[in-house]
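Single-structure report; data block below.
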Amino acid sequence: MDDNVKNLASAGAAAHHKKNILHVFPTFAIGGQQVRFAHIANACPQDYRHTVIALDGNFDAKSKLLETVDATFIDLRQLKQQHVLQRMQAIQHYLADHQHDVLMTYNWGAIEWALAHRIFHHATTSATATKHVHWEDGFGPEEQQDRLPRRNIFRRLALSDNTKVVVPSHQLQHIAQQDWHVAASQLVYFPNGIALPESRSHTASDTAADKDTPSSKTTEQAQRHLLRWQPYELRKTSLA
């Protein structure tokens, strides 16, 4: 076979085997959660195909993604205008019509997608079921002191079964187990930031970068160390 034909065939096979991940964000405005996603997507652009939904229609964080990242962006702000039952039905229809390998939901704003997935998951054969990962980074002002009981109940329903729940702190681990009844086997501790080697030389540019939060570092070196840092538990437990 001609080398060019072989190369084209290899490229086609690689594209076919990309993991297809659906990300549901309450907003894709620039923030810690969105920048962390961009770091991970930028570090392994050849491995995954991303569909990013912003429930408020804000996609400002697109600017953080490299051009090499295979990503599609969908504005579903119209869902907010629907009654909760209509919304749930619309979400289930979307999940049924668009097949993905993994569904990733982010914080309370996307919890309806987590529940809709659970309902749809039970109506799907195990061979075609989409895996689910829920990222929980914290709470809005209405839950800073105490969690709202009705939301705790909703989270218990939505985050049960085989959902992986990713948290950046041990406090959130405790809350997930105590308040939402998430099993320890479902929890993944994924601290914010990128661990760089202690032996790395500390330059003036590094000092300037250190003024930012760890998750905001965008250098190529940080991306390389992110790749080295895997376990990246989700690769082992949720994306395999």
Side-chain angles (χ1 to χ4, degrees), residues 8-82 86-121 124 128-137 158 163-164 166 190 215-216 218 223 226-227 230 232 234-235 238-240:
L8 286 172
S10 298
H16 179 72
H17 287 98
K18 276 187 177 181
K19 291 286 188 181
N20 192 0
I21 305 178
L22 172 63
H23 305 266
V24 183
F25 288 91
T27 180
F28 203 61
I30 295 175
Q33 206 169 54
Q34 294 78 8
V35 170
R36 179 186 60 208
F37 159 70
H39 282 311
I40 296 171
N42 290 343
C44 17
Q46 72 282 1
D47 294 338
Y48 304 108
R49 180 181 297 112
H50 304 278
T51 300
V52 179
I53 290 175
L55 296 176
D56 67 348
N58 188 329
F59 290 99
D60 288 350
K62 284 172 64 174
S63 62
K64 300 296 183 182
L65 290 168
L66 298 176
E67 292 183 1
T68 51
V69 174
D70 185 350
T72 303
F73 302 90
I74 299 176
D75 180 352
L76 288 183
R77 75 181 83 181
Q78 68 272 19
L79 288 179
K80 287 186 176 182
Q81 302 169 5
Q82 299 179 3
Q86 292 177 312
R87 238 182 0 254
M88 291 292 293
Q89 188 175 41
I91 293 168
Q92 282 189 281
H93 285 161
Y94 183 94
L95 294 175
D97 294 341
H98 301 81
Q99 294 299 312
H100 299 86
D101 296 295
V102 182
L103 166 67
M104 293 201 179
T105 52
Y106 298 81
N107 282 357
W108 169 255
I111 202 69
E112 289 175 355
W113 286 75
L115 181 58
H117 169 267
R118 186 191 174 196
I119 296 170
F120 180 66
H121 176 85
T124 311
T128 59
T130 298
K131 297 177 182 179
H132 178 217
V133 181
H134 181 74
W135 298 73
E136 191 66 56
D137 283 273
T163 292
K164 292 293 181 184
V166 187
F190 193 104
S215 60
S216 70
T218 56
Q223 291 179 11
L226 174 61
L227 283 171
Q230 316 206 350
Y232 180 22
L234 299 184
R235 231 177 226 265
S238 302
L239 303 185

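Excluded from the calculations below are hydrogen atoms, water molecules and symmetry mates; all remaining heavy atoms, backbone and side chain alike, are included.
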For [X] and [Y], which heavy atoms make the closest approach, and how far apart are they?
{"X": "His50", "Y": "Val69", "result": "CD2-CG1, 3.9 Å"}
{"X": "Pro26", "Y": "Ala110", "result": "CG-N, 4.0 Å"}
{"X": "Arg87", "Y": "Lys80", "result": "NH1-O, 4.0 Å"}

Going by side-chain contact (heavy atoms from CB on, under 4.5 Å), name the residues that satisfy it together with [X], two or more places apart in sequence or in a different chain.
{"X": "Ala54", "value": "Phe28, Asp56, Phe59"}
{"X": "Asp60", "value": "Ile30, Asn58"}
{"X": "Ala90", "value": "Leu79, Gln82"}
{"X": "Asp137", "value": "Gln33, Arg36, Asn107, Trp135, Pro168, Asn192"}

Spacing of [atom1] belonging to [X] relative to [atom2] belonging to [Y], to within rounding of 0.5 Å:
{"X": "Arg49", "Y": "Leu22", "atom1": "CZ", "atom2": "CG", "result": "13.0 Å"}
{"X": "Leu103", "Y": "Ile53", "atom1": "CG", "atom2": "CD1", "result": "8.5 Å"}
{"X": "Thr163", "Y": "His134", "atom1": "OG1", "atom2": "NE2", "result": "9.0 Å"}
{"X": "Gln99", "Y": "Thr130", "atom1": "CD", "atom2": "OG1", "result": "5.5 Å"}

Phe37 and His23 aromatic ring geometry - parallel, tilted or perpendicular at 30°/60° bounds: tilted

Counting distance only, does the side-chain N/O of [X] pair as donor-acceptor with the main-chain N or O of [Y] below 3.5 Å?
{"X": "His117", "Y": "Leu95", "result": "no"}
{"X": "Asn42", "Y": "Leu65", "result": "no"}
{"X": "Gln34", "Y": "Thr27", "result": "yes"}

Given Phe25, which partner from the list Trp108, Trp113, Tyr106 fulfils the ring-ring contact (aromatic ring centres under 6.0 Å, His included) test?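 Result for ring-ring contact (aromatic ring centres under 6.0 Å, His included) with Phe25: Tyr106.
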
Only counting residues at least two apart or in another chain, list the ones meeting salt bridge (charged side-chain N to carboxylate O under 4.0 Å, His left out) with Asp75.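 Partners of Asp75 under the salt bridge (charged side-chain N to carboxylate O under 4.0 Å, His left out) test: Arg77.
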
Under 4.5 Å between any side-chain heavy atoms of Thr105 and Ile111, yes or no? no

Going by heavy atoms in the side chains, are Tyr94 and Val24 under 4.5 Å from each other? no

side-chain contact (heavy atoms from CB on, under 4.5 Å) between Val102 and Tyr48, intermediate numbers included: CA-CA 10 Å; Val102 182; Tyr48 304 108; over 6 Å; no

The test is side-chain contact (heavy atoms from CB on, under 4.5 Å); show your working for Leu115 and Met88 and say whether it passes. CA-CA 8 Å; Leu115 181 58; Met88 291 292 293; 3.8 Å; yes

Given His100, Lys131, Met104, the one that forms side-chain contact (heavy atoms from CB on, under 4.5 Å) with Ile21: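 Single pass found, and it is Met104.
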
My understanding is that only residues two or more places apart in sequence, or in another chain, count here; which of them pass side chain to side chain donor-acceptor pair (under 3.5 Å) with Gln92? none

Is there a side-chain contact (heavy atoms from CB on, under 4.5 Å) between Thr51 and His98? Walk through the geometry before answering. CA-CA 10 Å; Thr51 300; His98 301 81; over 6 Å; no

